[in-house]
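For reference, the structure discussed in these notes is given below.
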Amino acid sequence: MGSAALAEAAKSIRDWSIENGKTSVGPSKAAELFGSLVFNDKEQKARLPKTAYNALRATITRGEPLDISTADAVATALKEWAVEHGATHYTHWFQPLTGITAEKHDSFLAPTNDGSAIAEFRGKELIKGEPDASSFPSGGMRSTFEARGYTAWDPTSPPFLMYTANNVTLVIPTAFVSWTGEALDKKTPLLRSMEAVSKQAVRVLKLFGSSAERVFATCGPEQEYFLIDRNFYFARPDLINAGRTLFGAAPPKGQEMEDQYFGSIPERVLACMTETEAELYKIGVPVKTRHNEVAPSQYEIAPVFENANVAADHQLMIMELLKKIAPKYGLAALLHEKPFAGVNGSGKHNNWSLSDEFGNNLLGPGDTPHDNMQFLVFCAAVIRAVDKWQGLLRVSVAHAGNDHRLGANEAPPAIISIFLGDMLTDIFDQVEKGGGAKSTKQGGVQDLGVSVLPKLPRDAGDRNRTSPFAFTGNKFEFRAVGSTQNIAWPNTILNVAMADSLEYVANELEAKAKGEDLNKAVAKLLVKIIKEHKRIIFNGNNYAPEWEKEATRRKLLNHKNTVDALGEFVKPEAVKLLERFKILNARETHARYEVFLENYNKTINIEGQLAVLMANRYILPAALEYQKQIGQSVAAVKAGGGTTASGKKLLGAYTKLVDKFQAQTSALQTALLHESNGNAEKHARYMRDKVVPAMAKLREVGDEIEVLTPHEIWPLPTYREMLFVK
């Protein structure tokens, strides 16, 4: 089977090279494509009556309510635009708690009395849909017999068209709630959190004389992923059903030569990337960067900053299109955090900031950040938010897939801390000591010592790739987000934590500004925040064992796995925070806690069952076949009068290994018999403590067997093949 998959992979590369040639989308072509399938501001302005257009823009930019007459006008224009492009159906596209997107397609066609049909789409269909809410994860908020749920149009994320082989569908981004109005999705809490952080940020801005009425959380998420030959993917049950390899010995060459990172992109991969980018351009996703990542066959795609809500929708489309387009090039896209053990896993670096309605980045330090009091206040608010709500931030990236990555010397540790860099650290040190800062460290100019090379402006400090939350010049990069995650959830938590901090800042400054100079009040507040929360600042090596000891001394949290972390979500102070800012009520929070536990338990159970299946149906038969061949060889040598000592030694060692493998398989199978009995939390602890270690022990023996078993017998594509055949 392994050899057959390798042969098919070689054939698919050859066939692709012959049939497809090269794909190219130049800059002018990309500019023409960008947004061509989006009902964006340009289309809205051209197609809507002026009053409807102005009303819609007021809703999008200022959050003003949308009346039904405007919705009818938008629906009519939207339908006409979509039908002109060949659309026959529309869908309310939403984000249930499954972690992926969902959609139900409805036709524009409506029958008439004369037996014909017309294309029809009204405001009420645009505003509200009604998918079944009973079959999605709800944490007990919906029972099987309580099926009613609603999707609600999100005007801030523009509709777009999705082309398939023989169909065009109008995609309308929506929120998803229950009949009782409780959030059953990832978008609703994100939108609520953006309202909350905007309200508090505007309060602070007004103290500094700004006329801004809205502030937007902005985001530019990087996506890491693997591309492997599709034939290998279909020959690996674990990749198909779990997204990661449950068995696989390390190849002779991995990533130790460091020759993959930023290396030349293989032609087939580049062609796949190019088409993916072209399709993303069409639906308005501003992807900008592509490159080889650290691990063999690992790559990255990254867009520029957008409104966080739109960025979350676009990020989901990046993942969907990667998976959809890769097979056209004989490839499979792997988005799991750890598809291959022993090489770097994949994350989703969540670059986050705040911007006012005029486009001013509130975390942009300017040329003299020591004098930029507004920037220092917002930066200090981030420091307070991350320190005070570090537990919630850890929960926001906690799931079974990310447990394989966090703290593994390839990703940030499970300890949440902030990297400020030399320049900002020096400024805040000055603030703490004297109530203000008088200077900013300068980077200077770097002379490369070659006359033809330009002299480069040098930053005042280096970057830190080991930090989970790093300041990178004009934004913070939340590096702990997993590659499969919907970024809506981490950004929801970031926003609400920041809303809490900005509320604290606004309350303090508004009270003091009445009888005290604002600059003096700001100086005192900055000193207070730094003194109380500087423990969260760490500019060193987050991978170093010394940091874990130091973090313990600082009393920072260190939840090393999902089960440990999830308890932070339902602590009274966390529940109250989410309730106070109307992000989630107590029932919604506890329901999500149940969903997170259920997801963890089901993920580990699926992986455990798969490991047993692969052990019994793939690895054990191959091992027994080789064991038989060794035995036959020993018998043949003995019959011929030859020396059999070495053969017997090999047979004995291999037999012991096979016996051990069978014993470990039985142990895992027994461990999987545990029942939850309605206690998901207790069951999760059991899965973590019993099933996960049993899987690891079984894998260890299985990988030993792989190394000793001949290639022609081994039934699964190996790491050597999957990672290096491109």
Side-chain angles (χ1 to χ4, degrees), residues 39 56 59-60 65-83 87-112 117-162 164 167-192 309 312-313 316-317 320 486 488 582-585 587-588 591-592 594-595:
F39 194 67
L56 179 59
T59 296
I60 294 170
L66 192 75
D67 61 51
I68 189 63
S69 62
T70 301
D72 280 332
V74 173
T76 299
L78 192 53
K79 178 207 67 179
E80 291 174 353
W81 171 77
V83 170
T88 57
H89 289 69
Y90 68 92
T91 180
H92 275 201
W93 185 66
F94 58 103
Q95 305 167 24
L97 299 178
T98 54
I100 56 176
T101 60
E103 54 196 57
K104 181 184 79 168
H105 295 207
D106 288 299
S107 172
F108 285 122
L109 292 181
T112 61
I118 59 171
E120 186 175 77
F121 187 55
R122 294 166 296 180
K124 67 177 186 178
E125 283 101 1
L126 171 62
I127 289 173
K128 188 181 83 169
E130 192 175 324
D132 186 337
S134 65
S135 298
F136 291 107
S138 70
M141 286 191 291
R142 293 273 82 189
S143 301
T144 304
F145 66 90
E146 296 174 314
R148 195 181 296 278
Y150 300 123
T151 50
W153 172 40
D154 171 18
T156 65
S157 186
F160 57 93
L161 297 171
M162 183 56 64
T164 56
N167 183 257
V168 182
T169 304
L170 172 63
V171 180
I172 303 167
T174 60
F176 179 44
V177 297
S178 71
W179 178 73
T180 52
E182 287 153 324
L184 296 174
D185 67 342
K186 303 284 180 76
K187 177 183 277 281
T188 303
L190 176 60
L191 290 171
R192 292 170 178 171
N309 175 45
D313 288 355
L316 288 166
M317 287 309 303
E320 288 190 17
N486 182 337
K582 299 180 181 179
I583 312 301
L584 298 170
N585 62 36
R587 189 178 183 216
E588 289 171 316
R592 273 164 173 70
E594 293 297 326
V595 170

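Just so it is clear, the model here is predicted, and its values are computed rather than measured.
Nearest heavy atom pair, residue P158 against residue F39, reads CB-O, 3.7 Å. The nearest pair of heavy atoms linking L316 to Q95 is CD1-CD, 3.4 Å. Nearest heavy-atom pair across D185 and F176 is OD2-N, 2.9 Å. Nearest heavy atom pair, residue L190 against residue A312, reads CD2-CB, 4.0 Å. Closest of all the heavy-atom pairs between T59 and P155 is CG2-CG, 4.0 Å.
Rounding to the nearest 0.5 Å places OG1 of T91 at 8.5 Å from NZ of K104. Taken from OG1 in T101 to CH2 in W93, the straight-line distance is 6.0 Å, to the nearest 0.5 Å. Note that CG of N309 is 4.0 Å distant from OG1 of T156, once rounded to the nearest 0.5 Å. Atom CG in L184 sits 12.0 Å away from atom OH in Y150 (nearest 0.5 Å).
The shortest side-chain heavy-atom distance between T164 and T169 does not fall under the 4.5 Å cut-off. Under the 4.5 Å side-chain criterion, counting only non-hydrogen atoms from C-beta, P189 is not in contact with E588. With a 4.5 Å cut-off on side-chain heavy atoms, E103 and V171 do not count as touching. W81 places a side-chain heavy atom less than 4.5 Å from the side chain of L170. Inter-residue side-chain proximity for L66 and V74 is flagged as unmet; no heavy-atom pair is nearer than 4.5 Å. Between D313 and K187, the closest side-chain pair of non-hydrogen atoms falls below 4.5 Å.
Here the options are T88, L161, V83, the test is side chain to side chain contact (heavy atoms under 4.5 Å, CB included), and the partner is V168; only L161 passes.
Using modelled atom types, one finds no donor on one side chain facing an acceptor on the other under 3.5 Å when comparing T174 with H92. For the 3.5 Å distance criterion, the side chains of T70 and D67 qualify, holding a donor opposite an acceptor.
Taking the six-membered ring for Trp and thresholds of 30 and 60 degrees, F121 and Y90 have ring planes inclined between 30 and 60 degrees apart. Taking the six-membered ring for Trp and thresholds of 30 and 60 degrees, H105 and H89 have ring planes inclined between 30 and 60 degrees apart.
For the pair E125 (side chain) and R122 (backbone), a donor-acceptor distance under 3.5 Å is present. Judged by distance alone, the side chain of D72 and the main-chain N or O of G123 form a donor-acceptor pair under 3.5 Å. Between the side chain of T151 and the backbone N or O of G129, at least one donor-acceptor pair lies under 3.5 Å.
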